[in-house]
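Below: the structure, in C-alpha cells.
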Amino acid sequence: MKAAVVTSFTSPLEIQERPVPAPGPGQVLVQIEASGLCHTDIHAAHGDWPVKPVPPFVPGHEGVGLITQLGDGVTNRQIGDRVAIPWLAQACGHCGYCVSGWETLCEEQQNSGYSVDGGFAEFAVADARYVVPVPDAVTSFEAAPLTCAGVTTYKAIKVAEIKPTERVAVFGIGGLGHLALQYARLVGGTVIAVDIDDTKLELATELGADHVVNAAQSDPVAAIEDLGGADVAVVLAVSPVVFEQAFASLRRGGRLVCVGLPPESEGPMSLPIFPTVLKGIRVIGSIVGTRQDLSEVFALHALGRTTVIAESRKLESVNEAVDDVLAGRATARLVFEF
Ligand SMILES: NC(=O)c1ccc[n+]([C@@H]2O[C@H](COP(=O)([O-])OP(=O)(O)OC[C@H]3O[C@@H](n4cnc5c(N)ncnc54)[C@H](O)[C@@H]3O)[C@@H](O)[C@H]2O)c1
Ligand SMILES: [Zn+2]
Ligand SMILES: [Zn+2]
C-alpha cells in the first residue's frame, strides 16, 4: 500500500510502498477513502511539541473508510462498515476518566498518526472499540474534517457553556475555525470571527459569522471591545500572542477556551492574574472529543446543520499540502482522497 511517512522532523514526508498491515486481536483493517490534513499532523511531522512521536510514522487522524478485515475477537463491527479513525486511537476503558465520559483524558491513550500509524495511507489498522461509524448521509470526504476539526471544536463549544446571544470570538478560521463558528451559532452564540486573511473572513461570513475582524489590519482586542467584549474566546490559531489577545478581549465572566497548540519553541502564553481574578475569567483547555461527541457531530451533519469546506488533494502531494496550510493558502481543510 501507499503511505506518507515521516522519516525525520527535518525532512519532507516520503511516499513509501508498505505492506498492508494485518489487524491484530480487537482491531479492524480500514481501507481509507478520505483523510484530512490537520495542523496537528504538521506539528507531528516537525516534532513541535514537548511529547514527540517517534519516526518513522504515518500521520493522520481524520481517516475514513471501509472495514475490509476483522481481527480476532471483534464482534461490534462488520466488514463493509464505514468508520472514522480519530485522534483517540485507544484508551484503557477502565480508569476514572474513561468511565466518566472523559476518555480523552485517559493517561493510557494511544493517538492516531502520533503514537500509532494513522490515516495517511491506503489502509490503516484501528481498535474496533474506538472507530466511530459514519452515517450513510455523510460522505467520507465530509466525514474526514469532522473527525478531528469537527469533534474538537464541537467539544470546545460544549465546554464553553454558551448561552444564547452570548458573544463568541473564534480566533483562527482554518480547518477547526470554520466548524467552530458553526457550532457556536448552533448553540445560539453571536459569532465574531478573527483571522489575518480576508479570504478566510469572507468564508466565515458565508458560514454565518455575525462580525469579522482582520487581526493583521486592526487590533482584535479593541475591535472586540467595541462590540462589547467576548463572553467566550476560542483560540485555534497557532501562536501564543493570539491566546493573549483572546484573553484580553473577554468581558467579565468570560471563558478562554484554549485549543490551538503552538510549537513549544514559541514559548508560553502569559496570563495576568489581576484581570483573571477581578473579571472572574475561566481558562479552559480542550482536547478533541469523545466517540459520543463524534457521533453527535456526524448526526448534526447528517441533519444538514453544518457545512464542511474542504479541498481534495492526492496523497502524493502531501508536502505541497503541508506548505499550503503553513502559508495560509488552504481552503479550510485539505483532504486526501484515495
Ligand atoms: N486541542 C485539540 O484537541 C486540537 C485538535 C486539533 C487541532 N488542534 C490544534 O489547533 C490548531 C489549529 O489547527 P487547524 O488544523 O485549524 O489549523 P489551520 O492552519 O487550518 O488554521 C489556523 C488558522 O489560524 C489563522 N491565523 C494565523 N495567525 C493568526 C492570528 N494572528 N490571528 C488569528 N488567526 C490567525 C490562520 O490564517 C488559519 O486560518 C493547531 O495548533 C492544531 O494542532 C488542537
Ligand atoms: Zn487534528
Ligand atoms: Zn482510561
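Order of appearance sets the numbers: ligands from 1, and atoms from 1 within every ligand.
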Nearest 0.5 Å, please: how far is [atom2] in [Y] from [atom1] in [X]?
{"X": "His301", "Y": "Leu146", "atom1": "NE2", "atom2": "CG", "value": "5.5 Å"}
{"X": "Cys92", "Y": "Tyr97", "atom1": "SG", "atom2": "OH", "value": "11.0 Å"}
{"X": "Ile67", "Y": "Leu29", "atom1": "CD1", "atom2": "CG", "value": "9.0 Å"}
{"X": "Ile173", "Y": "Leu203", "atom1": "CD1", "atom2": "CG", "value": "8.5 Å"}

So is [X] polar-close to ligand 1, meaning N/O to N/O under 3.5 Å?
{"X": "Val238", "result": "no"}
{"X": "Gly175", "result": "yes"}
{"X": "His43", "result": "yes"}
{"X": "Val259", "result": "yes"}
{"X": "Asp197", "result": "no"}
{"X": "Leu176", "result": "yes"}

Any [X] heavy atom less than 4.0 Å from ligand 1:
{"X": "Arg333", "result": "yes"}
{"X": "Ala149", "result": "no"}
{"X": "Ser239", "result": "no"}
{"X": "Gly328", "result": "no"}

Sub-4.0 Å atoms of ligand 1 with respect to non-hydrogen atoms of [X]:
{"X": "Val242", "result": "30 (C), 31 (N), 32 (N)"}
{"X": "Lys200", "result": "37 (O), 38 (C), 39 (O)"}
{"X": "Gly174", "result": "20 (O), 21 (O), 23 (C), 39 (O)"}

Which one holds for Val241 and ligand 1: side chain close, backbone close, both close, or neither close, with close meaning a heavy atom under 4.0 Å?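 Neither part.
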Side-chain donor-acceptor contact under 3.5 Å, Gln182 with Thr306: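 Result is no, nothing qualifies.
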When you check the side-chain N and O atoms of Thr290 and Glu103, is any donor under 3.5 Å from an acceptor?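 Their side chains do not contain a donor-acceptor pair, so the 3.5 Å distance test is not met.
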Vertex the Zn ion (ligand 3): angle to SG of Cys106 and SG of Cys95, to 10°?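 SG of Cys106, the Zn ion (ligand 3) and SG of Cys95 span an angle of about 120°.
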Carboxylate-amine/guanidinium proximity below 4.0 Å for Glu166 and Arg255: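 Looking at Arg255 together with Glu166, the answer is yes, because their closest N to O distance falls below 4.0 Å.
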For Arg329, is there an ion pair with Asp323 - N to carboxylate O distance below 4.0 angstrom?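 Here Asp323 does not pair with Arg329 in a salt bridge, since their nearest N and O are not under 4.0 Å apart.
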Report the nearest protein non-hydrogen atom to [atom]: residue, atom name, distance rounded to 0.1 Å.
{"atom": "atom 11 (C) of ligand 1", "value": "Leu236 O, 3.3 Å"}
{"atom": "atom 3 (O) of ligand 1", "value": "Val288 N, 2.6 Å"}
{"atom": "atom 35 (C) of ligand 1", "value": "Ala237 CB, 3.7 Å"}
{"atom": "atom 19 (O) of ligand 1", "value": "His39 ND1, 2.7 Å"}
{"atom": "atom 6 (C) of ligand 1", "value": "Cys148 SG, 3.4 Å"}
{"atom": "atom 38 (C) of ligand 1", "value": "Asp195 OD2, 3.6 Å"}
{"atom": "atom 10 (O) of ligand 1", "value": "Gly260 CA, 3.5 Å"}

Taking a hydrophobic cluster as the set of Ile, Leu, Val, Met, Phe, Trp and Tyr residues connected by side-chain heavy atoms closer than 4.5 Å, whether directly or through intermediates, do Val235 and Leu181 fall within one such cluster?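 No, because Val235 and Leu181 fall into different hydrophobic clusters, even though each may have its own neighbours under 4.5 Å.
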With side-chain contact (heavy atoms from CB on, under 4.5 Å) as the criterion, how do Glu33 and Glu337 come out once you've worked through the C-alpha distance, each side chain's angles and the decisive distance to 0.1 Å? CA-CA 6 Å; Glu33 295 181 333; Glu337 285 193 287; over 6 Å; no
Under 6.0 Å from the CD1 atom of Ile273, do we count more than 12 heavy atoms belonging to anything else shown?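 It does not: Ile273 CD1 has 12 such atoms or fewer within range.
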Main chain of His43, side chain of His46: is a donor-acceptor contact present, judged purely on distance under 3.5 Å?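 Pair absent, no side-chain N/O of His46 close to backbone of His43.
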Residue among Phe120, Tyr114, Trp87 satisfying side chain to side chain contact (heavy atoms under 4.5 Å, CB included) with His61: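 Output: one option passes, namely Trp87.
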N, O or S atom of His61 closer to the Zn ion (ligand 2) than 2.8 Å: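 It does: His61 brings an N, O or S atom closer than 2.8 Å to the Zn ion (ligand 2).
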Please assess His39 against Leu326 for the test side-chain contact (heavy atoms from CB on, under 4.5 Å), listing each intermediate value before the final yes or no. CA-CA 8 Å; His39 208 117; Leu326 289 175; 3.8 Å; yes
